[in-house]
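Heads up: the structure comes next, in structure tokens.
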Amino acid sequence: MISGFDRSGPIAGIEGDLATAMESLRRLVDVLAVAVARRDGLIIAHLLPIGSDPKKVAAMCAALVGTSEVVARELQQGRFLQSIVEAEQGKVISTGAGERALLVTIVRPDANMGLVLLSIERAAKEVEVILSGI
Amino acid sequence: MGGGFEKPSTILFFSDHPTERRLFAEQFVATGLKEGECCLYVDFYRAPALARRDFRKFGSFPEDRLLFVDGTSSQFLIPSTERYVVHGLDTFDPIMDTIEEAVRDAKPGRIVIDSMEFLADRFPMEGVFERWRQLSEVAKSTGAVVCYLFLNWIYGRKEVQRMNDTNDYTLEFQSKLTTGILEHYLRIRDHRLATRSTNWIPLSFREVVGLSVYFPRILVTGPPDAGKSTVVQRLCQSAISVDRMGTTVAFDYGNVQVSGLEAEIIGTPGQERFEFIFQVFARQMNGVLFVLDATKEEDLVRAKQILAILGSDVPLVVLANKADLAGVMDADEIRSRLSLSPSVPVVATVAIEGKGLLEGLTVLAEQIIGAR
């Protein structure tokens, strides 16, 4: 399911590319859901379970990443890598995907984090490249 | 703060629990000393030498301007070097005679009695009230402002009312511990005609600087693109903003310290999609600076939505921002179109240049402090 696009013009091609990038991440057994949002909190595309509100997810994760980046900077901890919200039934991992977007991934609580983080990093780079075209 | 009391007058510094009211009284004296006044401090708790040392933290002043009535030496059976000395605590009248003599003799501009409960706890009530009234008369005839410190242990509501009635002002202090934070409050009441009172004003105490009004949370909110973040950044020396692509995605935070006023300022996002953040910060606040782009009528819809979430109880000031641009709505139009009461202040601002912001904050402070 892809949303947030005007389906005419050159943007139409990007839709498919984003879907492919998200699906390759979603294929991991530990990954439950994926979303791409703008840094200012608007949803670009998502593979979220039915019943969740993609707009809300985008806004919340934009706030999370924005705040985390400022925390990293204010506490002099170097470059922000990702923010991980650990909950009973899963972890929400939000990371930057270029200057203007961020990638949100929801994984199982007992996920293989090494593999997950590596895949997220790769997917984030793909998203960055795809979105740099517009 | 500290000024604003008519001369001559009497002020009751009242509290039910030990609080920082003595610091306030010291500040009151220090202000007088700096203005070249002679001040008299009647102290039953501290030796004059110790008190003098305590006063030095406020800076230098001519030592001979600060006079003491020494109420401690006789308690410790040691000789005193002060001009005015209480010689014994067995009988009440000679103590009051000494104080009155000092007042008549030195004609101080400001007097502090530290404290009245020391006497009230030891001597019969009627006598204390009688001489108290008499002392006020003597002090007023010399043109002084008198502060009576009073920590209430034993008096009931009726006696407290009588104390209020016989003084011009009451400064009532309160301290409470909430979730590990000690919060100080002050309420000022004016009894001269009908009693007028401020709300409970949150305070902070700092050495040297003394006392300032302290608002732990002022919310800066309003529709998107109105200039909320700019307001926070221009008001505060070093503000933190969590913004992306020109939109605040989490919050702005900063701290203001101007003379007599200290506040933590939180700016919220304006977009509806960040309302969850707004809810977090809107749970507890002292007051709201509502920023509005005064040139954009279409923003009024969103403005009304936000006002509805804030509710009508919270002290509010509207900052009509971008006032330097053409086509701005005036204060009356803004109030009527937002269905705000005519008493809600609207301050014209140009946030990007910092114009009107301090005025807006001061007006808000007045709204919060209130006076009925």
Side-chain angles (χ1 to χ4, degrees), chain A residues 3-4 35-46 48 51-85 87 92 94-104 106 124 127-128 131-132 134, chain B residues 217 219-256 264-285 291 293 296 299 301-302 305-306 309:
Chain A
S3 66
V36 176
R38 259 167 51 155
R39 293 228 177 210
D40 65 353
L42 291 172
I43 189 76
I44 296 175
H46 70 89
L48 290 174
S52 63
D53 180 350
K55 285 182 187 162
K56 210 179 252 176
V57 173
M60 289 191 170
C61 291
L64 256 176
V65 169
T67 310
S68 308
E69 282 176 334
V70 173
V71 168
R73 190 187 70 213
E74 290 295 318
L75 298 181
Q76 287 126 43
Q77 297 302 305
R79 196 169 58 89
F80 165 83
L81 301 175
Q82 65 256 328
S83 123
I84 305 179
V85 177
V92 182
S94 313
T95 182
E99 288 281 287
R100 291 150 72 198
L102 41 98
L103 178 66
V104 182
I106 304 171
V127 170
E128 180 180 359
L131 292 177
S132 67
I134 48 170
Chain B
R217 185 161 293 173
L219 216 58
V220 175
T221 190
D225 261 332
K228 300 176 290 298
S229 299
T230 313
V231 167
V232 177
Q233 283 159 7
R234 294 304 300 245
L235 264 179
C236 307
Q237 289 80 7
S238 59
I240 291 175
S241 287
V242 183
D243 51 355
R244 295 291 177 265
M245 305 163 84
T247 296
T248 300
V249 295
F251 58 86
D252 310 294
Y253 166 80
N255 177 284
V256 193
E264 317 276 333
I265 313 266
I266 305 237
T268 72
Q271 270 92 356
E272 253 177 294
R273 63 177 182 275
F274 291 113
E275 212 138 283
F276 65 95
I277 297 227
F278 183 80
Q279 304 284 2
V280 172
F281 292 119
R283 265 179 230 155
Q284 196 207 346
M285 55 193 158
V291 188
D293 181 340
K296 276 162 78 181
D299 278 2
V301 180
R302 177 72 187 135
Q305 283 174 354
I306 299 172
I309 304 171

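- Within a 6.0 Å sphere centred on CD of B:Gln237, heavy atoms belonging to other residues, nucleotides or ligands number more than 12.
- Among all heavy-atom pairs drawn from B:Val242 and A:Gly66, the shortest one is CG1-C, 3.1 Å.
- The local environment of CD in B:Gln279 is crowded, with over 12 non-hydrogen atoms from other residues, nucleotides or ligands closer than 6.0 Å.
- For a residue to count as touching a neighbouring chain, one of its non-hydrogen atoms must lie under 4.5 Å from one of that chain's; by this rule B:Thr248 does not touch chain A.
- Of all heavy-atom pairs spanning B:Phe276 and A:Ala63, the tightest one is CZ-CB, 4.1 Å.
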(message) For a side chain to side chain contact (heavy atoms under 4.5 Å, CB included) check, start with the C-alpha distance between B:Met245 and A:Arg39, then their side-chain angles and the critical distance, and finish with the verdict.
(response) CA-CA 7 Å; B:Met245 305 163 84; A:Arg39 293 228 177 210; 4.0 Å; yes
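- With a 4.5 angstrom heavy-atom cutoff, A:Leu42 touches chain B via backbone and side-chain atoms both.
- In this structure, chain B has a heavy atom under 4.5 Å from the side chain of A:Glu74, while its backbone stays farther away.
- Between chain B and the options A:Lys55, A:Lys56, A:Glu69, heavy-atom pairs under 4.5 Å are most frequent for A:Glu69.
- The side-chain contact (heavy atoms from CB on, under 4.5 Å) with B:Arg273 is formed by just one residue from the set A:Asp53, A:Asp40, A:Ile43; it is A:Asp40.
- In B:Asp225, the CG atom is not crowded: 12 or fewer heavy atoms of neighbouring residues, nucleotides or ligands sit closer than 6.0 Å.
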